[in-house]
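Atoms considered below: every heavy atom in the structure, side chains included; atoms not considered: hydrogens, waters and symmetry mates. First the proteins, then the strands, lettered A, B, ... as listed; each starts at 1.
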Amino acid sequence: MPLKLHDTLTRSDRAVTPLDGKTLRFYCCGPTVYGPAHIGNFRTFVAQDVMRRVVESSGTPTLHVRNITDVDDKTIRDSQKAGQTLVDFTRGWTGKFHADCAALNLLPPHVEPSAVAHIPHQVAMIGKLITSGHAYAAADGSVYFRVSSFKDYGKLSHLEDRELRLGASDAASATDSDEYTKDSLTDFALWKARKPEDGANHWPSPWGEGRPGWHLECSAMILEYLGEDFDLHSGGVDLIFPHHENEIAQSCCSTHGKFAHHWMHVAHLMVDGGKMSKSLGNLYTLEDLAKRGYSAAEVRYVLISGHYRAPLNFTMHSLDSARQALQKLAKADKALSSLSPSLPISKSPALFQDAWETLLHDLNVPGALGAIFGALNKLKPAALSAEEAASVRGGLHFMLHALGIHLPPVMEDTAVEVPADIQALAQQRWDAKQAKDWPAADALRKQLEAAGWLIKDTREGFTVLPL
RNA sequence: GGCGAGGUAGCAAAGUGGUAAUGCACUGGUCUGCAAAACCGGUAUGCGCGGGUUCAAUUCCCGCCCUCGCCUCCA
(Lines give C-alpha, C1' and ligand atoms only; values in the text may rest on other atoms or scores of the structure.)
Protein backbone atom coordinates (compact mmCIF):
# COMPACT_ATOMS: atom_id res chain seq x y z
CA MET A 1 0.00 0.00 0.00
CA PRO A 2 1.52 3.34 -1.01
CA LEU A 3 1.56 6.48 1.10
CA LYS A 4 -1.38 8.79 0.55
CA LEU A 5 -0.42 12.39 0.96
CA HIS A 6 -2.34 15.64 0.83
CA ASP A 7 -1.53 17.62 -2.31
CA THR A 8 -1.67 21.40 -1.98
CA LEU A 9 -2.43 21.97 -5.66
CA THR A 10 -5.49 19.71 -5.90
CA ARG A 11 -6.34 19.97 -2.22
CA SER A 12 -6.86 16.25 -2.05
CA ASP A 13 -5.10 13.18 -0.71
CA ARG A 14 -3.27 11.40 -3.51
CA ALA A 15 -1.15 8.27 -3.60
CA VAL A 16 2.57 8.96 -3.78
CA THR A 17 3.91 6.73 -6.54
CA PRO A 18 7.03 7.35 -8.64
CA LEU A 19 6.53 8.69 -12.16
CA ASP A 20 9.21 6.35 -13.42
CA GLY A 21 7.78 3.39 -11.53
CA LYS A 22 10.97 2.92 -9.54
CA THR A 23 12.34 5.84 -7.55
CA LEU A 24 10.46 8.64 -5.86
CA ARG A 25 12.26 11.82 -6.88
CA PHE A 26 11.56 14.84 -4.70
CA TYR A 27 12.87 18.29 -3.88
CA CYS A 28 12.79 20.19 -0.61
CA CYS A 29 13.51 23.87 -0.25
CA GLY A 30 16.52 24.02 2.03
CA PRO A 31 17.78 26.59 4.50
CA THR A 32 19.18 30.05 3.90
CA VAL A 33 22.51 29.77 5.67
CA TYR A 34 23.03 33.06 7.45
CA GLY A 35 22.61 31.82 11.02
CA PRO A 36 21.58 28.74 12.98
CA ALA A 37 18.29 27.18 11.93
CA HIS A 38 15.58 27.28 14.60
CA ILE A 39 13.21 24.51 15.61
CA GLY A 40 10.49 25.96 13.40
CA ASN A 41 12.71 25.45 10.37
CA PHE A 42 13.46 21.97 11.55
CA ARG A 43 9.81 21.07 11.90
CA THR A 44 9.60 21.22 8.12
CA PHE A 45 12.79 19.23 7.56
CA VAL A 46 11.76 16.61 10.09
CA ALA A 47 8.34 16.21 8.46
CA GLN A 48 10.04 15.75 5.09
CA ASP A 49 12.38 13.22 6.64
CA VAL A 50 9.45 11.19 7.97
CA MET A 51 7.83 11.33 4.53
CA ARG A 52 11.02 9.97 2.94
CA ARG A 53 11.42 7.27 5.58
CA VAL A 54 7.83 6.11 5.16
CA VAL A 55 8.20 5.93 1.38
CA GLU A 56 11.46 3.98 1.72
CA SER A 57 10.01 1.71 4.42
CA SER A 58 7.15 0.87 2.09
CA GLY A 59 9.71 -0.40 -0.40
CA THR A 60 10.24 2.54 -2.77
CA PRO A 61 13.73 4.03 -3.05
CA THR A 62 13.99 7.82 -3.19
CA LEU A 63 16.11 10.52 -4.76
CA HIS A 64 16.09 13.39 -2.29
CA VAL A 65 17.39 16.80 -3.39
CA ARG A 66 17.58 19.71 -0.96
CA ASN A 67 19.31 22.97 -1.78
CA ILE A 68 21.41 25.32 0.28
CA THR A 69 20.50 28.97 -0.30
CA ASP A 70 23.84 30.70 0.01
CA VAL A 71 23.25 33.89 -1.92
CA ASP A 72 20.48 36.37 -1.10
CA ASP A 73 20.04 39.69 0.70
CA LYS A 74 20.57 38.23 4.17
CA THR A 75 23.62 36.10 3.42
CA ILE A 76 25.27 38.99 1.62
CA ARG A 77 24.42 41.50 4.33
CA ASP A 78 25.50 39.31 7.24
CA SER A 79 28.69 38.05 5.62
CA GLN A 80 29.76 41.65 5.23
CA LYS A 81 28.90 42.37 8.85
CA ALA A 82 31.00 39.38 9.83
CA GLY A 83 33.85 40.58 7.65
CA GLN A 84 33.95 37.30 5.77
CA THR A 85 33.62 36.36 2.15
CA LEU A 86 30.19 35.06 1.22
CA VAL A 87 31.61 31.59 0.63
CA ASP A 88 33.42 31.40 3.97
CA PHE A 89 30.44 32.79 5.82
CA THR A 90 27.88 30.42 4.34
CA ARG A 91 30.23 27.45 4.64
CA GLY A 92 30.30 27.93 8.39
CA TRP A 93 26.52 28.03 8.76
CA THR A 94 26.10 25.14 6.34
CA GLY A 95 28.34 23.08 8.60
CA LYS A 96 26.25 24.00 11.61
CA PHE A 97 23.11 23.05 9.74
CA HIS A 98 24.54 19.65 8.86
CA ALA A 99 25.51 19.01 12.46
CA ASP A 100 21.99 19.89 13.63
CA CYS A 101 20.45 17.65 10.97
CA ALA A 102 22.61 14.74 12.08
CA ALA A 103 21.64 15.33 15.71
CA LEU A 104 17.99 15.24 14.70
CA ASN A 105 18.53 11.94 12.87
CA LEU A 106 17.61 13.43 9.49
CA LEU A 107 18.66 11.32 6.55
CA PRO A 108 21.05 13.41 4.45
CA PRO A 109 19.70 14.29 1.01
CA HIS A 110 21.24 12.41 -1.92
CA VAL A 111 22.05 15.72 -3.60
CA GLU A 112 22.51 19.04 -1.83
CA PRO A 113 23.22 21.70 -4.45
CA SER A 114 24.30 25.21 -3.57
CA ALA A 115 22.80 28.23 -5.31
CA VAL A 116 26.17 29.96 -5.77
CA ALA A 117 27.54 26.89 -7.50
CA HIS A 118 24.72 26.94 -10.06
CA ILE A 119 24.69 30.50 -11.30
CA PRO A 120 25.39 29.52 -14.94
CA HIS A 121 22.36 27.19 -14.81
CA GLN A 122 20.24 30.07 -13.59
CA VAL A 123 21.57 32.43 -16.24
CA ALA A 124 20.77 29.84 -18.89
CA MET A 125 17.20 29.56 -17.65
CA ILE A 126 16.77 33.34 -17.74
CA GLY A 127 18.02 33.32 -21.32
CA LYS A 128 15.36 30.80 -22.31
CA LEU A 129 12.65 32.81 -20.61
CA ILE A 130 13.68 35.99 -22.40
CA THR A 131 13.80 34.25 -25.76
CA SER A 132 10.32 32.84 -25.27
CA GLY A 133 8.94 36.20 -24.20
CA HIS A 134 8.25 35.28 -20.59
CA ALA A 135 10.91 37.60 -19.20
CA TYR A 136 12.38 40.99 -19.99
CA ALA A 137 15.42 43.03 -19.04
CA ALA A 138 14.73 46.37 -17.40
CA ALA A 139 16.71 49.54 -17.89
CA ASP A 140 18.92 48.99 -14.85
CA GLY A 141 20.02 45.52 -15.96
CA SER A 142 17.60 43.55 -13.78
CA VAL A 143 15.50 40.87 -15.41
CA TYR A 144 11.87 40.22 -14.49
CA PHE A 145 9.44 37.43 -15.11
CA ARG A 146 6.30 38.61 -16.86
CA VAL A 147 3.54 37.12 -14.73
CA SER A 148 0.82 37.95 -17.23
CA SER A 149 2.49 35.57 -19.72
CA PHE A 150 1.69 32.51 -17.60
CA LYS A 151 -1.99 31.76 -17.39
CA ASP A 152 -1.71 29.28 -14.52
CA TYR A 153 -0.09 31.80 -12.20
CA GLY A 154 -1.80 31.71 -8.81
CA LYS A 155 -3.12 28.17 -9.19
CA LEU A 156 -1.09 26.66 -6.36
CA SER A 157 -1.78 29.39 -3.83
CA HIS A 158 -5.36 29.83 -5.12
CA LEU A 159 -4.84 33.55 -5.27
CA GLU A 160 -6.90 35.50 -7.78
CA ASP A 161 -5.45 38.22 -9.98
CA ARG A 162 -7.26 40.78 -7.91
CA GLU A 163 -5.57 39.64 -4.71
CA LEU A 164 -2.17 39.50 -6.30
CA ARG A 165 -2.49 43.08 -7.46
CA LEU A 166 -3.88 44.26 -4.15
CA GLY A 167 -0.92 42.81 -2.36
CA ALA A 168 1.52 44.19 -4.87
CA SER A 169 0.08 47.69 -4.73
CA ASP A 170 0.70 47.74 -1.00
CA ALA A 171 4.27 46.73 -1.58
CA ALA A 172 4.72 49.43 -4.17
CA SER A 173 4.18 52.06 -1.53
CA ALA A 174 7.44 50.89 -0.03
CA THR A 175 10.47 52.77 -1.17
CA ASP A 176 12.00 50.16 -3.41
CA SER A 177 13.18 51.79 -6.59
CA ASP A 178 13.16 48.40 -8.32
CA GLU A 179 9.40 48.49 -8.32
CA TYR A 180 9.34 51.26 -10.90
CA THR A 181 11.41 49.40 -13.44
CA LYS A 182 8.91 46.56 -13.76
CA ASP A 183 6.19 46.41 -16.38
CA SER A 184 3.73 45.12 -13.82
CA LEU A 185 3.76 45.23 -10.07
CA THR A 186 3.24 41.48 -9.91
CA ASP A 187 6.36 40.68 -11.94
CA PHE A 188 9.23 39.28 -9.92
CA ALA A 189 13.01 39.43 -10.27
CA LEU A 190 14.95 36.67 -11.99
CA TRP A 191 18.18 38.65 -12.02
CA LYS A 192 19.02 41.58 -9.77
CA ALA A 193 21.39 44.18 -11.17
CA ARG A 194 24.55 44.81 -9.16
CA LYS A 195 24.19 47.32 -6.35
CA PRO A 196 26.97 48.97 -4.33
CA GLU A 197 25.90 47.18 -1.13
CA ASP A 198 26.44 43.81 -2.79
CA GLY A 199 30.19 44.35 -2.44
CA ALA A 200 32.17 41.65 -4.19
CA ASN A 201 29.09 39.50 -4.60
CA HIS A 202 28.19 39.85 -8.25
CA TRP A 203 28.42 37.63 -11.29
CA PRO A 204 28.53 38.33 -15.01
CA SER A 205 25.52 37.80 -17.24
CA PRO A 206 24.36 38.88 -20.72
CA TRP A 207 22.34 41.61 -18.94
CA GLY A 208 25.19 42.95 -16.89
CA GLU A 209 26.70 42.12 -13.54
CA GLY A 210 24.38 41.13 -10.77
CA ARG A 211 23.03 38.14 -8.93
CA PRO A 212 20.15 35.72 -9.35
CA GLY A 213 16.76 36.22 -7.73
CA TRP A 214 15.79 33.91 -4.93
CA HIS A 215 13.16 31.74 -6.62
CA LEU A 216 15.25 30.92 -9.62
CA GLU A 217 17.84 28.76 -7.90
CA CYS A 218 15.31 26.07 -7.07
CA SER A 219 13.95 25.93 -10.61
CA ALA A 220 17.43 25.73 -12.12
CA MET A 221 18.71 23.07 -9.73
CA ILE A 222 15.56 21.00 -10.03
CA LEU A 223 15.98 20.97 -13.79
CA GLU A 224 19.60 19.90 -13.37
CA TYR A 225 19.04 17.08 -10.86
CA LEU A 226 15.42 15.99 -11.30
CA GLY A 227 14.52 17.06 -14.82
CA GLU A 228 11.44 18.76 -16.22
CA ASP A 229 9.01 16.53 -14.35
CA PHE A 230 9.45 15.04 -10.94
CA ASP A 231 7.34 13.47 -8.24
CA LEU A 232 7.09 15.82 -5.31
CA HIS A 233 8.08 19.24 -4.05
CA SER A 234 7.95 20.29 -0.42
CA GLY A 235 8.48 23.21 1.92
CA GLY A 236 6.87 25.24 4.68
CA VAL A 237 3.38 26.67 4.10
CA ASP A 238 4.81 30.16 3.85
CA LEU A 239 6.61 29.17 0.66
CA ILE A 240 3.40 28.42 -1.22
CA PHE A 241 3.27 32.05 -2.22
CA PRO A 242 5.23 33.55 -3.76
CA HIS A 243 8.19 31.15 -3.80
CA HIS A 244 6.59 28.00 -5.16
CA GLU A 245 4.18 29.88 -7.36
CA ASN A 246 7.15 31.62 -8.97
CA GLU A 247 9.10 28.39 -9.34
CA ILE A 248 6.18 26.87 -11.23
CA ALA A 249 5.98 29.88 -13.52
CA GLN A 250 9.71 29.91 -14.31
CA SER A 251 10.00 26.18 -14.81
CA CYS A 252 6.85 25.58 -16.79
CA CYS A 253 7.67 28.48 -19.11
CA SER A 254 11.26 27.40 -19.72
CA THR A 255 10.67 23.66 -20.21
CA HIS A 256 7.94 21.48 -21.62
CA GLY A 257 7.39 19.71 -18.33
CA LYS A 258 4.72 19.98 -15.72
CA PHE A 259 7.23 20.50 -12.91
CA ALA A 260 6.20 18.94 -9.56
CA HIS A 261 3.37 16.41 -9.67
CA HIS A 262 2.63 16.62 -5.96
CA TRP A 263 3.01 19.42 -3.42
CA MET A 264 3.56 18.86 0.30
CA HIS A 265 3.49 21.82 2.68
CA VAL A 266 4.24 21.72 6.38
CA ALA A 267 2.35 23.91 8.86
CA HIS A 268 4.18 26.26 11.16
CA LEU A 269 5.44 25.65 14.66
CA MET A 270 4.12 27.93 17.37
CA VAL A 271 5.70 28.53 20.74
CA ASP A 272 3.66 28.91 23.94
CA GLY A 273 0.54 29.41 21.89
CA GLY A 274 1.88 32.22 19.76
CA LYS A 275 4.08 32.74 16.79
CA MET A 276 7.82 32.59 17.09
CA SER A 277 9.76 35.78 16.80
CA LYS A 278 13.12 37.10 17.76
CA SER A 279 11.62 39.98 19.72
CA LEU A 280 9.64 37.60 21.94
CA GLY A 281 12.80 35.60 22.53
CA ASN A 282 11.13 32.32 21.71
CA LEU A 283 13.07 31.45 18.58
CA TYR A 284 14.83 28.38 19.88
CA THR A 285 17.75 26.61 18.26
CA LEU A 286 18.93 23.12 19.15
CA GLU A 287 21.75 24.73 21.05
CA ASP A 288 19.35 26.81 23.16
CA LEU A 289 17.47 23.68 24.12
CA ALA A 290 20.64 21.68 24.75
CA LYS A 291 21.61 24.32 27.29
CA ARG A 292 18.36 23.56 29.07
CA GLY A 293 19.24 19.89 29.09
CA TYR A 294 17.11 18.63 26.21
CA SER A 295 18.48 16.33 23.56
CA ALA A 296 17.89 16.61 19.83
CA ALA A 297 16.07 13.27 19.97
CA GLU A 298 13.60 14.81 22.40
CA VAL A 299 13.18 17.82 20.14
CA ARG A 300 12.54 15.54 17.19
CA TYR A 301 9.89 13.66 19.15
CA VAL A 302 8.09 16.92 19.93
CA LEU A 303 8.29 18.04 16.31
CA ILE A 304 6.66 14.86 15.01
CA SER A 305 4.07 14.65 17.77
CA GLY A 306 1.61 16.83 15.87
CA HIS A 307 0.21 16.23 12.39
CA TYR A 308 2.38 18.03 9.84
CA ARG A 309 -0.53 19.97 8.36
CA ALA A 310 -1.77 21.36 11.65
CA PRO A 311 -0.06 24.11 13.63
CA LEU A 312 1.90 22.60 16.51
CA ASN A 313 2.33 24.31 19.84
CA PHE A 314 5.80 23.91 21.28
CA THR A 315 6.38 24.27 25.02
CA MET A 316 9.08 23.23 27.48
CA HIS A 317 6.53 20.90 29.01
CA SER A 318 6.16 19.16 25.67
CA LEU A 319 9.89 18.38 25.84
CA ASP A 320 9.49 16.83 29.29
CA SER A 321 6.56 14.88 27.97
CA ALA A 322 8.65 13.70 25.02
CA ARG A 323 11.42 12.56 27.35
CA GLN A 324 9.02 10.36 29.30
CA ALA A 325 7.40 8.99 26.16
CA LEU A 326 10.81 8.03 24.77
CA GLN A 327 11.68 6.35 28.06
CA LYS A 328 8.48 4.38 27.87
CA LEU A 329 9.39 3.15 24.40
CA ALA A 330 12.95 2.39 25.48
CA LYS A 331 11.72 0.36 28.43
CA ALA A 332 9.32 -1.60 26.27
CA ASP A 333 12.17 -2.33 23.87
CA LYS A 334 14.40 -3.40 26.74
CA ALA A 335 11.76 -5.80 28.05
CA LEU A 336 11.45 -7.36 24.58
CA SER A 337 15.19 -7.53 24.07
CA SER A 338 15.63 -9.51 27.26
CA LEU A 339 13.47 -12.19 25.64
CA SER A 340 15.06 -11.90 22.22
CA PRO A 341 18.52 -10.31 22.43
CA SER A 342 19.35 -10.24 18.72
CA LEU A 343 17.37 -7.72 16.73
CA PRO A 344 16.08 -9.21 13.50
CA ILE A 345 15.78 -6.86 10.54
CA SER A 346 12.09 -6.56 9.92
CA LYS A 347 10.41 -5.39 6.76
CA SER A 348 6.99 -5.56 8.27
CA PRO A 349 5.27 -3.75 11.14
CA ALA A 350 3.94 -7.07 12.54
CA LEU A 351 1.93 -6.21 15.68
CA PHE A 352 1.97 -2.57 14.66
CA GLN A 353 0.06 -2.96 11.41
CA ASP A 354 -2.58 -0.46 12.56
CA ALA A 355 0.08 2.09 13.40
CA TRP A 356 1.69 1.60 9.99
CA GLU A 357 -1.57 2.02 8.11
CA THR A 358 -2.32 5.13 10.12
CA LEU A 359 1.05 6.50 9.06
CA LEU A 360 0.33 5.79 5.41
CA HIS A 361 -2.75 7.94 5.64
CA ASP A 362 -1.26 11.38 5.09
CA LEU A 363 1.59 10.80 7.53
CA ASN A 364 -0.54 10.68 10.64
CA VAL A 365 2.38 10.43 13.05
CA PRO A 366 0.46 11.27 16.26
CA GLY A 367 -2.14 8.68 15.34
CA ALA A 368 0.58 6.13 14.66
CA LEU A 369 2.34 6.87 17.94
CA GLY A 370 -0.96 6.39 19.73
CA ALA A 371 -1.43 3.04 18.00
CA ILE A 372 2.10 1.97 18.93
CA PHE A 373 1.54 2.75 22.61
CA GLY A 374 -1.87 1.14 22.46
CA ALA A 375 -0.38 -2.08 21.07
CA LEU A 376 2.42 -2.05 23.63
CA ASN A 377 -0.04 -1.52 26.46
CA LYS A 378 -1.95 -4.64 25.46
CA LEU A 379 1.22 -6.68 25.24
CA LYS A 380 2.15 -9.11 28.02
CA PRO A 381 5.89 -9.56 27.47
CA ALA A 382 6.12 -12.30 30.10
CA ALA A 383 3.77 -14.49 28.09
CA LEU A 384 5.73 -14.20 24.84
CA SER A 385 7.97 -16.85 23.37
CA ALA A 386 11.38 -15.79 22.11
CA GLU A 387 10.08 -15.99 18.54
CA GLU A 388 7.07 -13.85 19.32
CA ALA A 389 9.18 -11.32 21.15
CA ALA A 390 11.55 -11.14 18.19
CA SER A 391 8.68 -10.50 15.84
CA VAL A 392 7.17 -7.81 18.03
CA ARG A 393 10.53 -6.16 18.52
CA GLY A 394 11.26 -6.30 14.79
CA GLY A 395 7.91 -4.62 14.14
CA LEU A 396 8.56 -1.99 16.75
CA HIS A 397 11.90 -1.14 15.21
CA PHE A 398 10.37 -1.06 11.75
CA MET A 399 8.03 1.65 13.02
CA LEU A 400 10.71 3.50 14.96
CA HIS A 401 12.91 3.57 11.89
CA ALA A 402 10.06 4.89 9.75
CA LEU A 403 9.57 7.69 12.27
CA GLY A 404 13.28 8.28 12.71
CA ILE A 405 13.08 7.68 16.44
CA HIS A 406 16.36 6.69 18.01
CA LEU A 407 15.68 5.19 21.43
CA PRO A 408 17.65 6.69 24.30
CA PRO A 409 19.21 4.43 26.92
CA VAL A 410 16.86 3.61 29.79
CA MET A 411 17.64 6.23 32.39
CA GLU A 412 18.08 3.90 35.34
CA ASP A 413 20.69 1.95 33.38
CA THR A 414 22.77 5.02 32.79
CA ALA A 415 25.85 5.00 34.95
CA VAL A 416 26.04 8.14 37.02
CA GLU A 417 28.82 9.20 39.27
CA VAL A 418 27.62 9.35 42.84
CA PRO A 419 29.54 11.72 45.10
CA ALA A 420 31.30 10.00 48.00
CA ASP A 421 29.26 11.77 50.68
CA ILE A 422 26.01 10.79 49.02
CA GLN A 423 27.21 7.23 48.68
CA ALA A 424 28.17 7.23 52.36
CA LEU A 425 24.73 8.48 53.43
CA ALA A 426 23.09 5.85 51.25
CA GLN A 427 25.22 3.18 52.88
CA GLN A 428 24.22 4.44 56.34
CA ARG A 429 20.60 4.26 55.32
CA TRP A 430 21.13 0.72 54.06
CA ASP A 431 22.70 -0.26 57.34
CA ALA A 432 19.80 1.28 59.25
CA LYS A 433 17.42 -0.65 57.05
CA GLN A 434 19.26 -3.89 57.72
CA ALA A 435 18.99 -3.12 61.43
CA LYS A 436 15.28 -2.50 60.85
CA ASP A 437 15.70 0.97 62.27
CA TRP A 438 12.94 2.42 60.08
CA PRO A 439 12.87 5.96 61.51
CA ALA A 440 16.60 6.35 60.89
CA ALA A 441 16.33 4.85 57.42
CA ASP A 442 13.47 7.17 56.50
CA ALA A 443 15.27 10.20 57.82
CA LEU A 444 18.31 9.38 55.70
CA ARG A 445 16.14 8.78 52.65
CA LYS A 446 14.59 12.21 53.11
CA GLN A 447 17.99 13.78 53.59
CA LEU A 448 19.19 12.24 50.33
CA GLU A 449 16.05 13.28 48.49
CA ALA A 450 16.57 16.84 49.65
CA ALA A 451 20.06 16.61 48.18
CA GLY A 452 18.57 15.43 44.88
CA TRP A 453 19.15 11.69 45.08
CA LEU A 454 16.79 8.79 45.11
CA ILE A 455 17.51 5.42 46.70
CA LYS A 456 16.21 2.43 44.87
CA ASP A 457 16.34 -0.86 46.74
CA THR A 458 16.90 -3.98 44.74
CA ARG A 459 17.11 -7.65 45.58
CA GLU A 460 20.87 -7.47 45.93
CA GLY A 461 21.23 -4.12 47.63
CA PHE A 462 20.58 -0.56 46.62
CA THR A 463 21.41 1.97 43.92
CA VAL A 464 21.43 5.73 44.04
CA LEU A 465 19.90 7.73 41.22
CA PRO A 466 19.67 11.45 40.60
CA LEU A 467 16.13 12.76 40.99
C1' G B 1 -11.03 42.54 2.87
C1' G B 2 -9.52 37.69 0.09
C1' C B 3 -7.50 32.72 0.52
C1' G B 4 -5.94 28.71 3.71
C1' A B 5 -5.25 25.97 8.40
C1' G B 6 -6.95 25.26 13.32
C1' G B 7 -10.28 25.57 18.02
C1' U B 8 -11.20 18.00 21.49
C1' A B 9 -9.69 16.53 29.19
C1' G B 10 -4.75 20.35 33.64
C1' C B 11 -1.01 20.24 29.16
C1' A B 12 -0.11 18.05 24.22
C1' A B 13 -2.63 15.59 20.45
C1' A B 14 -5.47 11.60 17.19
C1' G B 15 -10.24 10.22 15.56
C1' U B 16 -15.33 9.10 14.07
C1' G B 17 -22.74 9.65 11.46
C1' G B 18 -23.86 5.57 16.59
C1' U B 19 -21.97 7.60 21.30
C1' A B 20 -14.35 10.07 22.72
C1' A B 21 -7.04 6.79 20.79
C1' U B 22 -2.48 7.97 22.82
C1' G B 23 1.65 10.62 25.62
C1' C B 24 2.63 13.79 29.90
C1' A B 25 0.60 15.29 34.56
C1' C B 26 -2.74 13.91 38.46
C1' U B 27 -5.00 9.93 41.19
C1' G B 28 -6.86 4.77 43.55
C1' G B 29 -4.96 -0.25 44.15
C1' U B 30 -1.27 -4.46 44.05
C1' C B 31 3.81 -4.88 45.39
C1' U B 32 7.42 -2.67 48.99
C1' G B 33 9.11 -1.86 56.30
C1' C B 34 8.59 3.05 53.53
C1' A B 35 9.86 4.31 48.64
C1' A B 36 11.22 3.60 43.38
C1' A B 37 10.14 0.56 39.25
C1' A B 38 6.49 -2.59 37.35
C1' C B 39 1.50 -4.11 36.85
C1' C B 40 -4.06 -3.27 37.29
C1' G B 41 -7.64 0.78 37.41
C1' G B 42 -9.67 6.08 37.48
C1' U B 43 -9.87 10.96 35.43
C1' A B 44 -13.71 15.04 28.75
C1' U B 45 -22.13 13.02 30.20
C1' G B 46 -18.18 16.10 26.56
C1' C B 47 -15.26 17.62 21.43
C1' G B 48 -15.32 27.05 20.39
C1' C B 49 -20.75 29.23 20.35
C1' G B 50 -25.88 29.18 18.24
C1' G B 51 -29.17 26.99 14.93
C1' G B 52 -30.50 22.99 11.24
C1' U B 53 -30.57 17.87 8.82
C1' U B 54 -30.95 12.81 10.98
C1' C B 55 -33.58 7.37 14.58
C1' A B 56 -28.63 9.21 16.06
C1' A B 57 -23.62 14.76 15.26
C1' U B 58 -18.10 15.98 18.36
C1' U B 59 -18.23 14.07 13.20
C1' C B 60 -22.76 16.70 7.73
C1' C B 61 -25.10 21.85 6.56
C1' C B 62 -25.78 27.27 7.81
C1' G B 63 -24.42 31.50 10.78
C1' C B 64 -21.15 33.55 14.41
C1' C B 65 -16.71 34.04 17.73
C1' C B 66 -11.45 33.20 18.57
C1' U B 67 -6.23 31.71 17.13
C1' C B 68 -2.45 31.13 13.44
C1' G B 69 -0.47 31.60 8.38
C1' C B 70 -0.25 33.80 3.43
C1' C B 71 -1.69 38.09 0.20
C1' U B 72 6.02 39.55 -3.54
C1' C B 73 11.84 37.41 -1.52
C1' C B 74 9.74 34.14 6.34
C1' A B 75 10.28 26.60 7.13
With heavy atoms under 4.0 Å as the rule, sort [X] into base, sugar-phosphate or nothing.
X	answer
A/I372	nothing
A/P311	sugar-phosphate
A/L239	sugar-phosphate
A/H243	nothing
A/G306	sugar-phosphate
A/R66	nothing

Exercise. Nearest nucleotide by nearest heavy atom, which residue falls closer to the 5' end of RNA chain B, A/P31 or A/K433?
Worked result: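 The answer here is A/K433.
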For this session: Hey, which sits more toward the 5' end of RNA chain B by its nearest nucleotide, A/G274 or A/W438?
Result: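 Between the two, 5'-proximity favours A/W438.
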Rounded to whole angstrom units, what separation is found between the [atom1] atom of [X] and the [atom2] atom of [N]?
X	N	atom1	atom2	result
A/W214	B/rU72	CH2	P	13 Å
A/M270	B/rC11	CE	P	14 Å
A/F352	B/rA21	CZ	C1'	15 Å
A/N282	B/rC68	CG	P	13 Å
A/L190	B/rC73	CG	P	16 Å
A/F188	B/rC73	CZ	P	13 Å

Between [N] and [M], how many Å separate the two [atom1] atoms, rounded to a whole number?
N	M	atom1	answer
B/rC26	B/rC74	C1'	40 Å
B/rC11	B/rC31	C1'	30 Å
B/rU54	B/rG17	C1'	9 Å
B/rC60	B/rU27	P	38 Å
B/rA56	B/rA13	P	33 Å

Would you say [X] places a side-chain N or O within less than 4.0 Å of OP1 or OP2 belonging to [N]?
X	N	answer
A/R11	B/rG4	yes
A/K328	B/rC24	yes
A/K74	B/rC73	no
A/K380	B/rC40	yes
A/N246	B/rC73	no
A/K331	B/rA37	no

For this session: Name the orientation class of the two ring planes belonging to A/H233 and A/F230 (parallel below 30°, tilted from 30 to 60°, perpendicular beyond 60°).
Result: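 Correct class here is tilted.
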For this session: If the plane angle is over 60° it's perpendicular, under 30° parallel, otherwise tilted; pick one for A/F150 and A/Y153.
Result: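 The rings of A/F150 and A/Y153 stand perpendicular, inter-plane angle above 60°.
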Exercise. Got a salt bridge between A/R53 and A/D49, using NZ or NE/NH1/NH2 to carboxylate O under 4.0 Å?
Worked result: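 Yes, A/R53 and A/D49 are salt-bridged.
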For this session: Using a strict cut-off of less than 4.0 Å between a Lys/Arg side-chain nitrogen and an Asp/Glu carboxylate oxygen, indicate whether A/D442 and A/R429 qualify as a salt bridge.
Result: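 Judged by the 4.0 Å cut-off on N to carboxylate O distance, A/D442 and A/R429 do not form a salt bridge.
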Go through the N and O atoms of the side chain of [X] and the base of [N], and report whether any donor-acceptor pair is under 3.5 Å.
X	N	answer
A/R429	B/rG33	yes
A/N364	B/rG15	no
A/R445	B/rA35	yes
A/N313	B/rC11	no

Which nucleotide in [options] has an atom nearest any side-chain atom of [X]:
X	options	answer
A/H317	B/rC24, B/rU22, B/rC34	B/rC24
A/R43	B/rU72, B/rG23, B/rA75	B/rA75
A/M276	B/rA75, B/rG23, B/rG69	B/rA75
A/D73	B/rC73, B/rC70, B/rA14	B/rC73
A/Q324	B/rA36, B/rG23, B/rC24	B/rC24

Problem set entry | Pi-cation contact, A/F45 with A/R66 (under 6.0 Å, within 45°) |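 Relative to the ring axis of A/F45, which defines the angle, A/R66 lies inside both limits.
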Above 12 or not: heavy atoms from other molecules or residues under 6.0 Å from [atom1] of [X]?
X	atom1	answer
A/K96	NZ	yes
A/H110	NE2	yes
A/Q423	CD	yes
A/H6	NE2	yes

For this session: Let me have RNA chain B in dot-bracket notation, would you? Count Watson-Crick plus G-U wobble pairs, both distances under 3.5 Å, and use [ ] for pairs crossing earlier ones and | for inter-strand partners.
Result: (((((((..(((.........))).(((((.......))))).....(((((.......))))))))))))....
Problem set entry | Name of the residue among A/Q250, A/E245, A/H243, A/E247 meeting side chain to side chain donor-acceptor pair (under 3.5 Å) with A/H215 |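 One option only clears the test, and that one is A/H243.
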